[in-house]
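Every value quoted in this text rests on a predicted model; they were computed, and no experiment measured them. Letters A, B, ... are given to chains in the order of the sequence lines, protein chains preceding strands, and every chain is numbered from 1.
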Protein chains: 2
Amino acid sequence: MKTVGRKASINSQEIISAALNLVGPHRSISSLSLREVTREAGIAPNSFYRHFKDVEALNIAIIELAGKHLRTIIRDARTLIINERSVVRVSVECFFSEMSKPGSTLPILLREGTVGSGDFQDAIKKQLDFFAHELQTDLEKANAISKRYQTDETLVVAKAVTQLVFAMGGIALNSPESDLKKTTEETVLMVKFILKGASSAKTE
Amino acid sequence: MKTVGRKASINSQEIISAALNLVGPHRSISSLSLREVTREAGIAPNSFYRHFKDVEALNIAIIELAGKHLRTIIRDARTLIINERSVVRVSVECFFSEMSKPGSTLPILLREGTVGSGDFQDAIKKQLDFFAHELQTDLEKANAISKRYQTDETLVVAKAVTQLVFAMGGIALNSPESDLKKTTEETVLMVKFILKGASSAKTE
DNA sequence: CACATTAATATACAAGTGTATACCAATGTG
DNA sequence: CACATTGGTATACACTTGTATATTAATGTG
């Protein structure tokens, strides 16, 4: 803890908020310039360096924040699941609903995974991997109750579901609001296909 | 046909080639600047306007070219399919193999679908939709021989396979070459899950 | 050979970028 | 109260960008 020197008039979180103000359906985080962000934050360009090494460091911090949000959303979705049969529907609907809320950080994770620097891409991949891993443990828990999936296939199943949900989420974001329900239903069906396919084919 | 005036020293195709020279694993097409492209093409910046309205028009032309390549790849893959049982494996392996060839335009379709202007995104979506539609007719043909999928679900199945293959392709592109085989195998398995899931669950 | 027509270039400008250097402002400590 | 320490700003510089305007180069036609 620092005890001497001028107090900071702005913190990293506020700079992140300023950056988030600038992103939108057609504005990606990795295209933000340092000066744009400082303008939005109301500070001088050079003040940025007091908080982040460069814009890439800011972008990675934002991804990690979005990852945190993702995790709380997952946790909340779990509390909504009443019976085992509705787990897919409730989870997907919760995901799509949260994603569509104005100001949500989820779209960042969905849209920006494939462009930008290596470290940036790795940061996003880390969050997706977390999501897939979380899903895998769920599948293994289900497997412990009644054997459904081949043990060495749970990770592939989890990855497939993750990729599909994120891809369909990206589509929903680029589609008119009126298509949201339809896209959600399609995604529910797709996930069910994967789970059913993996459970019915315990051996090749 | 023009009969009078100075002959063009460069054509649109050559400008497209110059742009393709600049894209790579960490350089997206939508981040190219007009001047970069003209520099690579060996022409003056303003000469660009003789061939394209702006960089977005160039990007869309590139997407359409990549779409053409995609279609020939699909067509070629079909000729490789010897028996019905190997259709998934052969198709996925062909796709991943073509995608990994140096200078392939497929990575552009995989990576850039989620950023850029509206028209640009629409252009990519059009190519993915084509792919999905092609796949749907294949499923319907298979259905005609022996009923496997619910008739109103073939499009969803095709969409799911498309999104999954493209998403996994994107992952493969951002992973070390040594992981390519593993990712390909995973994708084959995932697609089989979807098809099996959709065929085993003819009614909900 | 003019001449219209088309392509390409040269020059220039305003705007934006990242960042280096230097300086000012505020704060707790001795 | 000095003073070191830290945060913030001002100014400046070298670049890059898109594009407007004007000019030059090459070509077929009359």
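Inter-residue side-chain proximity for Ile73(A) and Cys94(A) is flagged as met; some heavy-atom pair is nearer than 4.5 Å. Here the side chains of Phe48(A) and Arg35(A) are not in contact, with every heavy-atom distance at 4.5 Å or above. Side-chain contact between Ile124(A) and Leu128(A): present, with at least one pair of heavy atoms (C-beta onward) separated by less than 4.5 Å. The closest side-chain heavy-atom distance from Arg71(B) to Phe131(B) is not below 4.5 Å. Residues Asp119(A) and Ile60(A) meet the side-chain proximity criterion, which asks for heavy atoms closer than 4.5 Å. Proximity of Met190(A) to Val161(A): side-chain heavy atoms (C-beta onward) are nowhere separated by under 4.5 Å.
Only at 4.0 angstrom or more do the heavy atoms of residues 9-17 of chain A sit from any atom of DNA chain C, so none qualifies.
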Considering only nitrogen or oxygen atoms on both sides, find all protein atoms under 3.5 Å from nucleotides 13-15 of chain D and state each distance.
none

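Note: NZ (Lys53(B)) to C1' (dA20(D)) measures 16 Å, nearest angstrom. With rounding to whole Å, Glu36(B) atom CD is found 14 Å from dT17(C) atom C1'. Computed from coordinates, the Leu34(A) CG to dT19(C) P distance equals 7 Å when rounded to whole Å. In this structure, CG of Asp54(B) is placed 12 Å from P of dA20(D), rounded to the nearest angstrom. We find that CG of Leu32(B) is positioned 15 Å from C1' of dT16(D), with the value rounded to whole Å. Rounded to whole Å, the distance from CG on Leu58(A) to C1' on dT19(C) is 17 Å.
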Legend entry - Nucleotide-resolved protein contact map, nucleotides 20-30 of chain C, B/S/- at heavy-atom distance under 4.0 Å: BB---BBBSS-

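Between His51(B) and dA8(C) there is a side-chain N or O to OP1 or OP2 distance below 4.0 Å. At dA7(C), none of the side-chain N or O atoms of Ser47(B) fall inside 4.0 Å of OP1 or OP2 (strictly under the cut-off).
With respect to Arg27(B) and Glu36(B), a salt bridge is recorded, a charged nitrogen being found less than 4.0 Å from a carboxylate O. Between Asp138(B) and Arg78(B), at least one side-chain N (NZ, or NE/NH1/NH2) sits under 4.0 Å from a carboxylate O, which counts as a salt bridge.
If you take CG on Asp54(B) and CZ on Phe52(B), they are separated by 10.5 Å, rounding to the nearest 0.5 Å.
Proximity of a side-chain donor or acceptor of Asn11(B) to a complementary backbone N or O of Glu14(B) within less than 3.5 Å is detected.
Side-chain atoms of Thr79(B) and Asp76(B) form no donor-acceptor pair, as typed in the model, at a separation below 3.5 Å.
Among the atoms of the strands shown, only primed sugar atoms or phosphate atoms (P, OP1, OP2) are found under 4.0 Å from some heavy atom of Ser33(B).
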